[in-house]
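Everything on this sheet refers to the single structure shown next.
Hydrogens, waters and symmetry mates are skipped; everything else that's a heavy atom, side chains included, is used. Proteins come first, then strands; the chains are lettered A, B, ... in the order of their sequence lines, and each starts at number 1.
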There are 2 protein chains.
Amino acid sequence: MTRVGGRAGGGAPRGVDVARLAGVSQKTVSRVLNGERYVSEDVRRRVLEAAGELGYRLNSAARALASGRTRSIGVVTLGTALYGPASLLIGIERAARDAGYALRVVNTLEGDPGGVAGAVESLLEQGVDGILVSEPIDEGPVSLSVDVPVLVLGAPAAFGGARTMTRGVGAERLARTATEHLLDLGHATVHHLAGPQRWFAARDRLEGWRGALAARGIAPPAVLHGDWSAASGYAVGRELAAHRDCTAVFAANDDMAIGVVRALTEAGLRVPDDISVVGFDDIPVAAYVTPPLTTVRQPFDAVAREGLRLLVRAIEDPEADLPPAYDPPVDLVVRASTAPPPRGARPPAPPLARPRGDTAAG
Amino acid sequence: MTRVGGRAGGGAPRGVDVARLAGVSQKTVSRVLNGERYVSEDVRRRVLEAAGELGYRLNSAARALASGRTRSIGVVTLGTALYGPASLLIGIERAARDAGYALRVVNTLEGDPGGVAGAVESLLEQGVDGILVSEPIDEGPVSLSVDVPVLVLGAPAAFGGARTMTRGVGAERLARTATEHLLDLGHATVHHLAGPQRWFAARDRLEGWRGALAARGIAPPAVLHGDWSAASGYAVGRELAAHRDCTAVFAANDDMAIGVVRALTEAGLRVPDDISVVGFDDIPVAAYVTPPLTTVRQPFDAVAREGLRLLVRAIEDPEADLPPAYDPPVDLVVRASTAPPPRGARPPAPPLARPRGDTAAG
DNA sequence: CTGAAAGCGCTAACAT
DNA sequence: ATGTTAGCGCTTTCAG
């Protein structure tokens, strides 16, 4: 079988092959495929036809080599299936594609040697026009010596580097809103179950909580610490059950909130009658656990889109000054895990009460 | 300030710059940095030293252009934060990095025009050595005309293409195990809340369920349908509450199972005393909802690692024949949402009973 | 063990 | 509006 106009050698067709078939120069093929101006309608049509016939596609390596640009963005993200990071990544991919950029992803696992710096290095080797670091954890001062713009989402100024920018994700305001919701219900104070403080995301939420209390002149109670998991929330919840002053808890994510609720329920306390619990994220099951969880929803898509816009602008016009920070909207979702505090004293937790022998452990 | 040995023009250092500084040819630099044999220890040391001093890194575009290989793999995945797909993606990234490949990710959103074919096309344009399609949905027959190997994970033979391979993810066996668990407890039959049948993942689970029933000569009851969300599980759960024959439900994922439990509980039924519920995935909160959910755990890491091994082998040795399919282990996690069926007849759901005015809707 | 020469397939800069 | 020429920075091939 003879392949009309195909390439003799068998490999993928190149620009010259298309050019030959269309009866133009290779440069013209390049022009058409890059949508440059000053190409006659007739030529454009012939080139596209020829390209289609041959199944031609631009070779991105050659293009990158010649132009010095890859049209791709590198993303450094935590290697976890946690709802927040995963949702943000999806938003970023979408926004990147809409902006005409491909995505190269490197995960840093917690406790990775090298961490962010290593991941950035690896992206640089792959060749990217810009880098987005998504909600990293604190590894101490990291100095990035990089010649492409870097945007760090959700980590205030902990990364040095000439073309490094940072943008918050609005978590502090959300945390403040969550805390205020509980105070508005009449709770005298709000306890906070924080995430691991190596995560900037966890610190933001802690700051928001602390700020809300401070604004009303309330001294913050001792911070409780978890690791984002429902298991850690459960452990803290058991302590809380014994703690008679506590009538309201703000957990730094929904998983921990669910663990807290579980522990309180097992201890014979009622949520929200005895203790109110607020989560953070609005994970898909939050509305369907018992009781349905009051929480705040993170605007992942908006944050991703804004971040990407910023990065792309820095890539395409290095001189332009940065647009002002964008404040994503605050979205408090009130369900059934919050209520006014109990009248009079909160009941003590019945010692070791456990409904129907259920066990939480897996 | 004079930069010793640096490049005159200011851009990133190139191989020749390193060569000059080390007093060798550019080719030798290439040899050293690619770990080729037949380089004297002395030369190797000098080259590495020079490279370090200049902050040199290989230009991957140039390398790809010259060698015809990119050392990167493309991944097509669904743009959802669902636990399964997200976990699989993380496993794939890890495995790819361990194998020395970079990752380029394209998401297909449900109902995307083009869908998988478009995503593959976009990866081909970016230049990848192989493509991994992760748990796609059925878009009708897709014919991929591609010159790199393609591995489709979890979609039996629905993608045509010369170098296209498929591998299951073991979901059918897991579903069978989940169903058998309920039958072993003494339930006369098991209802199935299936995922959207456009997802191959959902079909596998349905097949496993049907197979388990068939093996015991039980005619499968009508299949219930959800969309993976807790909301859809909740809706189905309300119907089920009215359905007195039903004492056991196997939901195709944990989110839906949680929705079902919520609806049953609201209807005044007890889980597991009146109805048992089994989920699928073992999401992180599964152990901490009320009651803790019995479920089966998907071995994402093992599946990702095996899949990647297969793909890399197909890339690096196109002649080699494929290793036999790998059967990931089955991991049933029994918690507190399953029990033997109630003695005598299941109680009817009290009409419109709702505990304490909780509402599930967000 | 090391080096020289010839591209890989494109885009940039400059004609025309 | 289109063509020509010269690289981009590597790897491949072939000589030593």
For B/R14, does its backbone N or O pair with a side-chain atom of B/D17 as donor and acceptor, under 3.5 Å?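 Answer holds: yes.
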Counting side-chain heavy atoms from CB outward, which of [options] is closest to [X]?
{"X": "B/Y56", "options": "D/dC10, C/dT2, C/dG9", "value": "D/dC10"}
{"X": "A/Y38", "options": "C/dC8, C/dT11, D/dT2", "value": "D/dT2"}
{"X": "A/V24", "options": "D/dG3, D/dT11, D/dT2", "value": "D/dG3"}
{"X": "B/S67", "options": "D/dT12, D/dT2, C/dC10", "value": "D/dT12"}
{"X": "A/S25", "options": "C/dG9, D/dT4, C/dT2", "value": "D/dT4"}

Euclidean distance, atom [atom1] of residue [X] to atom [atom2] of [N] [Å, nearest integer]:
{"X": "B/R69", "N": "D/dG9", "atom1": "CZ", "atom2": "C1'", "value": "18 Å"}
{"X": "A/R46", "N": "D/dA1", "atom1": "CZ", "atom2": "P", "value": "15 Å"}
{"X": "A/R57", "N": "C/dG9", "atom1": "CZ", "atom2": "P", "value": "14 Å"}
{"X": "B/N59", "N": "C/dC8", "atom1": "CG", "atom2": "C1'", "value": "13 Å"}
{"X": "B/R63", "N": "C/dC10", "atom1": "CZ", "atom2": "C1'", "value": "19 Å"}

Which residue, B/L65 or B/Q26, contacts DNA chain C at a nucleotide closer to its 5' end, judged by nearest heavy atom? B/Q26
Want to settle it: does A/V16 or B/K27 sit nearer the 5' end of DNA chain C, counting the closest nucleotide to each?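 Between the two, 5'-proximity favours B/K27.
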Between B/L58 and A/E125, is any pair of side-chain heavy atoms under 4.5 Å apart?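 B/L58 does not reach A/E125 side chain to side chain.
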Counting C-beta onward and ignoring hydrogens, is there a side-chain heavy-atom pair between A/M165 and A/L322 closer than 4.5 Å? yes
Does the pair A/R45/A/E41 count as a salt bridge with the N-to-O cut at 4.0 Å?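 No, this pair does not count.
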SB check B/E139 B/R198 (cutoff 4.0 Å):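 No.
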Give a yes/no answer on whether the side chain of A/R14 brings an N or O atom under 4.0 Å of OP1 or OP2 in C/dG9.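 Checking A/R14 against C/dG9: at least one side-chain N or O falls below 4.0 Å of OP1 or OP2.
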Under 4.0 Å between a side-chain N or O of B/S60 and OP1 or OP2 of D/dC10?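 No, outside the criterion.
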Select base, sugar-phosphate, or nothing to describe what A/V43 touches, counting heavy atoms under 4.0 Å on all strands.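 Sugar-phosphate, no base atom in range.
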Do the side-chain N and O atoms of B/T70 and B/D129 include a donor-acceptor pair separated by under 3.5 angstrom? yes
Any residue of residues 28-36 of chain B with a heavy atom less than 4.0 Å from an atom of DNA chain C: B/T28, B/R31
Which side-chain N or O atoms in residues 302-313 of chain A pair as donor and acceptor under 3.5 Å with protein atoms at least two apart or in another chain?
{"residue": "A/E306", "atom": "OE2", "partner": "A/R309", "partner atom": "NE", "Å": "3.4"}

